[in-house]
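In what follows, a structure is listed as structure tokens, so that the remarks can point back to it.
Atoms within each ligand, like the ligands themselves, are counted from 1 in listed order.
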Amino acid sequence: MSASKNIVQIKEEKELRSTLEETSQAAVLYFWASWAEQCKQVESVVDDLATKYSKTQFFKIEAEEFEEISDAYEINAVPTVIIAKKAKILARVEGANVAEVVSQVASNCGAANGVGGKQPSADTKPEFKQDLNTRLKGLIERAPVMVFIKGTAAQPRCGFSRKIVGMLNEQNIKYGFFDILTDEQVRQGLKEYSDWPTYPQLYIKGELVGGVDIVSEMIASGELTEMIPEGSLAK
Ligand SMILES: N[C@@H](CCC(=O)N[C@@H](CS)C(=O)NCC(=O)O)C(=O)O
Ligand code: FES
């Protein structure tokens, strides 16, 4: 996928500088390191975007190899994606936040191929979001009681997730779970979709209930069991 000619792995600092100086368009700078596992996810998205946005220049920059550039863009973590127009930074996405990379490229880099070179894309951004939102909705509705946690129900990988799983088990509630550590797009996307910034997240019949604090209060007041559909309570 990285065969697009508008994407280059920079070998010299001046490659980046001269392109940015010459063009009046936004360029995408992807900073990576070979040791950072998370970069692979972002790299494949960047490759994919380069084929979709063939008029935009994409650069891959090995962060530690090009310290001067990394310092200039204040890179503190890899992966980081910067969208820059000449010296100006239009957007910065740190970490494997794939949904945000897609969304920022869509809103800053004009039209994708086939959209006809129109003005910055009122229509490309929602299109990507639509896909993710459909997916998130499907996950939320996978079971009548659904919990999004770090790790699995059998092996939670965070104290908060362990706590909610323990509470649900204690209440004999049958539930489905999704391990958000396996999917960065879901991890970040669901926060925005449900307007809830942390995990765990408990959903009943497709509706967000809340995290540990809320669920524990609702158990104490008896409210939670009232909300659980009959088939989701083990006798
Ligand atoms: N008070 C929260 C605690 C949950 C929390 O703080 N979660 C953090 C740490 S596990 C979180 O999900 N941060 C965002 C992230 O890791 O993506 C609750 O009631 O659920
Ligand atoms: S992963 Fe650190 S508190 Fe949950």
Given Leu202, Val215, Val212, Ile180, which one has a non-hydrogen atom that is nearest to atom 18 (C) of ligand 1? Val212

Within residues 210-225 or reaching into it, pairs that qualify as side chain to side chain donor-acceptor pair (under 3.5 Å) - sequence neighbours excluded: Ser221-Glu223

The complete set of side chain to side chain donor-acceptor pair (under 3.5 Å) pairs with one or both residues in residues 144-170, sequence neighbours excluded, reads Asn169-Tyr175

Tyr203 meets the ring pair (Phe, Tyr, Trp, His ring centres under 6.0 Å) criterion, sequence neighbours left out, with Phe148

Below 4.0 Å from ligand 1: does a non-hydrogen atom of Pro197 turn up there or not? yes

With a 4.0 Å cut-off on heavy atoms, is Gln188 touching ligand 1? no

For [atom], which protein heavy atom lies nearest, and how many Å away is it?
| atom | result |
| --- | --- |
| atom 13 (N) of ligand 1 | Thr198 CG2, 4.0 Å |
| atom 1 (N) of ligand 1 | Asp213 OD2, 3.1 Å |
| atom 10 (S) of ligand 1 | Lys150 NZ, 3.1 Å |

Carboxylate-amine/guanidinium proximity below 4.0 Å for [X] and [Y]:
| X | Y | answer |
| --- | --- | --- |
| Asp48 | Lys52 | yes |
| Glu21 | Lys86 | no |
| Arg135 | Asp183 | yes |
| Lys14 | Glu12 | yes |
| Glu13 | Arg17 | yes |

Which of the atoms of ligand 1 are close to [X], meaning less than 4.0 Å from one of its heavy atoms?
| X | result |
| --- | --- |
| Gly211 | 19 (O), 20 (O) |
| Lys191 | 14 (C), 15 (C), 17 (O) |
| Cys158 | 10 (S) |

Between Trp32 and Gln38, do the side chains contain a donor N or O and an acceptor N or O under 3.5 Å apart? no

Protein-derived N, O or S atoms lying under 2.8 Å from atom 4 (Fe) of ligand 2, waters excluded: 1

Show, in sequence, the C-alpha distance, side-chain angles and deciding distance for Val8 and Phe58, and conclude whether the side chain to side chain contact (heavy atoms under 4.5 Å, CB included) test is met. CA-CA 6 Å; Val8 293; Phe58 288 70; over 6 Å; no

Can you find a heavy atom in the side chain of Thr19 that is under 4.5 Å from one in the side chain of Gln25? no

Give yes or no for whether the N/O distance cutoff of 3.5 Å, strictly under, is met between Tyr199 and ligand 1. yes

